[in-house]
Asks: 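Take a look at the following structure, please.
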Amino acid sequence: MAPEGFEAGRTVKADRRRRHLLRLAGSIGLTLLVSTILVFSVELIVRGSLAETLLFFQQPFRPGWTTVILFALLILFFDALLGRAYLALLVVAPAVLLLAFVGHQKSQYLGDPLYPTDFLYARQIIELAPLLVRERPVLAIVLGVSLVAGIALLVALWRFWRRRFPALPLRARAARLAVALPALLFFGSIMDYATFSWARDRLQIIPMMWDQKENYASNGFAIAFALNVPMAKVNAPEGYSKEAIEAIRKPVDAAPSVPPERPDIIVVMSESFWDPARLPGVTITPDPIANVRTIQSGHVFSPEFGGMTANVEFEALTGFSNAFLPYGSIPYQQYVREPLPSLATFLKTQGYATHAIHPFEGWFWNRTPVYEAFGFDRFMSEENLPPLEKRGPLASDAALTEEIIREAEATAEPFFFFAVTLQSHGPYEPNRYSSTTHTVETSASARAKGSILTFAEGAADADRGLARLIEWAEKRERPTVIAFFGDHLPPLGPVFVETGFMKKPVAERKAPLAKLRAQHETPLVIWSNRKGPVGHLGSISPAFLPLHVLETAGISHPYYTGFLGDMRQRFSVVDRNVLVTPRGMTTPDWGRAKKIDPAIRDFRLLQFDMMFGKRHGAKAFFPETVKKERPGTS
């Protein structure tokens with residue numbers, strides 16, 4: 001029979017173990033509860049809908065509860081680092097809730113979710129903050145006060161937590177790290193969407209990189225955001241090899257050719273230029289884009305909406321397509337790190353002066369190094385342009401037009417100018433301009449009416465800028481080609497909804513062709529002082545702009561007029577969500593098909609080869625990028 005003291009000791013140890021297990025169970029339960037509340041709050045903020053948030057947690061094939069476990073592991077990990085239980089909440093919760101709020105605002109304003117790469121242009125957003133404040137001053141004040149109050153609250157809570165909660169023993173911190181760190185590394189390892197993961201499949205995490213809205217809706221904000229972290233890495237398309245590039249059919253006219261009298265070329269990408277007459281139930285007097293309407297060549301089918309100007313610019317200058325790059329990527333900031341063929345690269349080798357002009361700071365969209373990589377020999381930005389008169393808060397289109405003309409008249413050799421305007425950048429707060437020349441009739445609210453008038457005034461100024469440029473070019477003896485187009489629809493937000501133009505404040509990515517055209521087309525003009533306006537181009541992707549500009553100038557090139565010319569016979573729009581033929585036939589979700597059109601396959605292979613690969617196709621398609629050997633140096 002065991003001594004009485006021994007039995008008592010065993011009972012005490014058992015009680016300690018039970019209490020320890022109960023504390024452990026309580027701690028795990030509390031961590032999971034806190035994580036659940038946090039994940040629920042994040043999804044509610046991002047989705048803006050209680051019903052959709054509840055559905056995310058109720059459906060077994062959506063990884064809501066996996067996200068809860070992920071957040072619990074993050075709390076454990078930071079608790080171990082910070083040394084106090086649940087102190088991690090003061091780090092994790094503000095960070096993810098702020099990301100959720102920013103993500104919701106982005107989806108409301110631009111229609112796309114928040115991507116990790118968006119932080120590459122955080123400086124742009126800060127620079128544009130004064131414009132946003134002008135449009136919504138009350139909201140800006142509320143957000144500013146909330147931010148200050150939130151920081152003060154966090155500081156107070158941090159100090160309170162440090163005083164009232166004891167430090168975790170080293171053993172407890174080590175235990176948390178032992179659980180959390182391997183699990184977090186495991187989660188990190190399965191986030192590479194380009195490779196199959198059995199574990200990710202079992203957890204019902206299904207990367208939908210071709211449809212980011214569905215990706216975020218199905219996987220939740222946190223996991224979808226994590227899935228997009230590897231997007232800066234562009235994997236080689238299936239079948240990429242030197243042999244595959246050499247097998248691409250070469251254009252019939254493979255040699256670059258420029259007329260003896262080399263035409264000057266001016267391309268103007270007009271910020272948010274669009275036809276406001278497309279707004280139903282809205283009458284604007286007089287017609288704000290009367291000049292463009294008279295000589296319009298067609299439309300640009302923009303791959304973007306309300307912003308991301310640099311992505312449209314990328315296509316228009318290179319003849320490459322965003323459709324072959326990861327969803328949400330920004331080539332100017334992620335991929336252009338060395339010389340890349342562009343219109344400027346080619347024309348520079350033909351004796352052209354190549355100038356880029358934009359009346360804003362050169363760091364914006366990383367333009368200074370990108371333009372250098374594209375072959376521009378001069379970038380005229382706010383830093384080195386003479387002070388330009390402003391219309392509203394930004395440099396006026398009229399002043400920029402006069403600067404283009406002044407620079408042209410000061411340039412002796414043939415020139416290629418690429419100009420990006422600034423005046424009509426959003427937001428479009430009412431009463432932006434002190435003097436107006438238009439009237440607006442609409443049944444929409446007074447604020448919407450004021451926004452329409454502000455946009456119409458800016459569009460009219462852009463229209464007059466083109467008319468002035470053409471008036472000047474008509475008097476020139478030298479052949480001159482002018483291209484003018486809008487980069488994307490303006491972010492008019494509620495105006496679109498109130499007038500019935502769209503059901504939501506942002507454009508759809510997948511819809512019938514008629515709706516996509518309405519929500520993505522901007523006016524396009526290509527004009528020559530020898531031949532007049534080019535007509536009947538229809539709706540084209542910006543990547544086809546080099547083709548039509550060079551054809552109008554009488555210039556040939558193995559890629560820009562050869563390869564793209566052949567491609568244009570098959571497709572007028574190459575978008576990541578749809579292919580459109582010149583006759584209007586569509587192929588939606590083409591990227592998900594097992595068999596891709598051979599022409600599109602070659603387009604993607606050649607673009608990858610020149611941007612990320614070995615440039616096997618340079619000699620055949622971009623001979624200007626190949627260094628010529630001097631005689632006797634073989």
Side-chain angles (χ1 to χ4, degrees), residues 15-46 53 56-57 63-103 114 116 119 146-191 199-200 203 205 219-229:
D15 286 342
R16 286 177 180 172
R17 280 197 296 270
R18 279 196 296 271
R19 286 197 298 271
H20 176 72
L21 290 173
L22 285 173
R23 283 197 300 270
L24 182 61
S27 178
I28 293 173
L30 182 58
T31 301
L32 290 174
L33 176 62
V34 168
S35 299
T36 302
I37 294 172
L38 188 53
V39 174
F40 188 90
S41 301
V42 166
E43 293 300 325
L44 183 61
I45 292 171
V46 171
T53 304
F56 176 64
F57 282 91
W65 297 106
T66 300
T67 310
V68 169
I69 295 172
L70 176 60
F71 274 45
L73 290 169
L74 285 171
I75 291 171
L76 287 178
F77 176 74
F78 281 104
D79 277 351
L81 294 183
L82 299 172
R84 279 172 172 76
Y86 303 110
L87 187 58
L89 279 175
L90 300 185
V91 175
V92 176
V96 297
L97 291 174
L98 180 61
L99 284 176
F101 174 76
V102 173
L114 183 71
F119 294 97
S146 299
L147 180 62
V148 172
I151 293 173
L153 179 61
L154 279 176
V155 171
L157 285 173
W158 184 275
R159 297 177 65 183
F160 172 82
W161 222 280
R162 300 284 294 184
R163 288 197 306 264
R164 296 299 181 90
F165 289 84
L168 289 170
L170 287 176
R171 184 177 177 181
R173 296 173 71 175
R176 282 167 166 78
L177 275 179
V179 172
L181 188 57
L184 289 173
L185 290 174
F186 163 75
F187 268 104
S189 69
I190 66 174
M191 287 300 119
R200 188 176 63 219
L203 292 171
I205 300 172
N219 291 309
F221 176 78
I223 288 181
F225 188 85
L227 285 168
N228 277 290
V229 169

Asks: What I'd like to find out is whether the side chain of Trp65 reaches to under 4.5 Å of the side chain of Thr36, using heavy atoms alone.
Replies: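 They are in side-chain contact.
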
Asks: Does a side-chain heavy-atom distance below 4.5 Å link Ile205 with Leu227?
Replies: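 Yes; the side chains approach each other to less than 4.5 Å.
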
Asks: How about Leu185: does its CG atom have over 12 heavy atoms from other parts shown lying under 6.0 Å from it?
Replies: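 Yes, enclosed.
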
Asks: Please check: side-chain N/O of Asp79 versus main-chain N/O of Leu87, any donor-acceptor pairing under 3.5 Å?
Replies: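 Pair found, side chain donor or acceptor close to backbone of Leu87.
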
Asks: What I'd like to find out is whether the side chain of Phe77 reaches to under 4.5 Å of the side chain of Leu181, using heavy atoms alone.
Replies: yes

Asks: Do Val46 and Leu99 have side-chain heavy atoms sitting under 4.5 Å apart?
Replies: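 No, side chains not in contact.
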
Asks: If the condition is side-chain contact (heavy atoms from CB on, under 4.5 Å), which residues does Ala178 pass it with, not counting sequence neighbours?
Replies: none

Asks: Leu33: which residues meet the side-chain contact (heavy atoms from CB on, under 4.5 Å) condition with it, sequence neighbours left out?
Replies: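 Checked Leu33 against side-chain contact (heavy atoms from CB on, under 4.5 Å); matches are Ile37.
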
Asks: Quickly, which of Ile45, Val42, Val91 forms a side chain to side chain contact (heavy atoms under 4.5 Å, CB included) with Val96? Name it, please.
Replies: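 Option passing the side chain to side chain contact (heavy atoms under 4.5 Å, CB included) with Val96: Val42.
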
Asks: How close do Phe78 and Ala88 get, heavy atom to heavy atom, and via which atoms?
Replies: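 The answer is CB-CB, 3.3 Å.
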
Asks: Would you tabulate the side-chain donor-acceptor contacts of residues 67-75 under 3.5 Å, counting partners in other chains and residues two or more places apart, or write 'none'?
Replies:
unit_1 : atom_1 : unit_2 : atom_2 : d
Thr67  : OG1    : Pro63  : O      : 2.8

Asks: Would you name the heavy atoms of Phe221 and Glu43 that are closest together and state the gap between them?
Replies: N-OE2, 2.7 Å

Asks: I'd like to check the side chain to side chain donor-acceptor pair (under 3.5 Å) partners of Asn219; sequence neighbours left out, ordered by chain and number.
Replies: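 If we apply the side chain to side chain donor-acceptor pair (under 3.5 Å) test to Asn219, skipping adjacent residues, the hits are Asn215.
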
Asks: Can you confirm whether Thr66 sits close enough to Phe187 that some side-chain heavy atom of one is under 4.5 Å from a side-chain heavy atom of the other?
Replies: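 Yes, side chains in contact.
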
Asks: Which heavy atom in Ala80 sits nearest to a heavy atom in Arg176, and how many Å separate them?
Replies: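 Scanning both residues, the minimum pair turns out to be CB-CB, 3.9 Å.
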
Asks: For Phe40, which residues count as a ring-ring contact (aromatic ring centres under 6.0 Å, His included) partner, sequence neighbours excluded?
Replies: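 Checked Phe40 against ring-ring contact (aromatic ring centres under 6.0 Å, His included); matches are Phe57.
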
Asks: How many angstroms lie between CG in Leu38 and CG in Leu97, if you round to the nearest 0.5 Å?
Replies: 5.5 Å

Asks: According to the salt bridge (Lys or Arg N to Asp or Glu O under 4.0 Å) rule, which pairs have a member within residues 81-92, sequence neighbours left out?
Replies: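 Matches after skipping sequence neighbours: none remain.
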
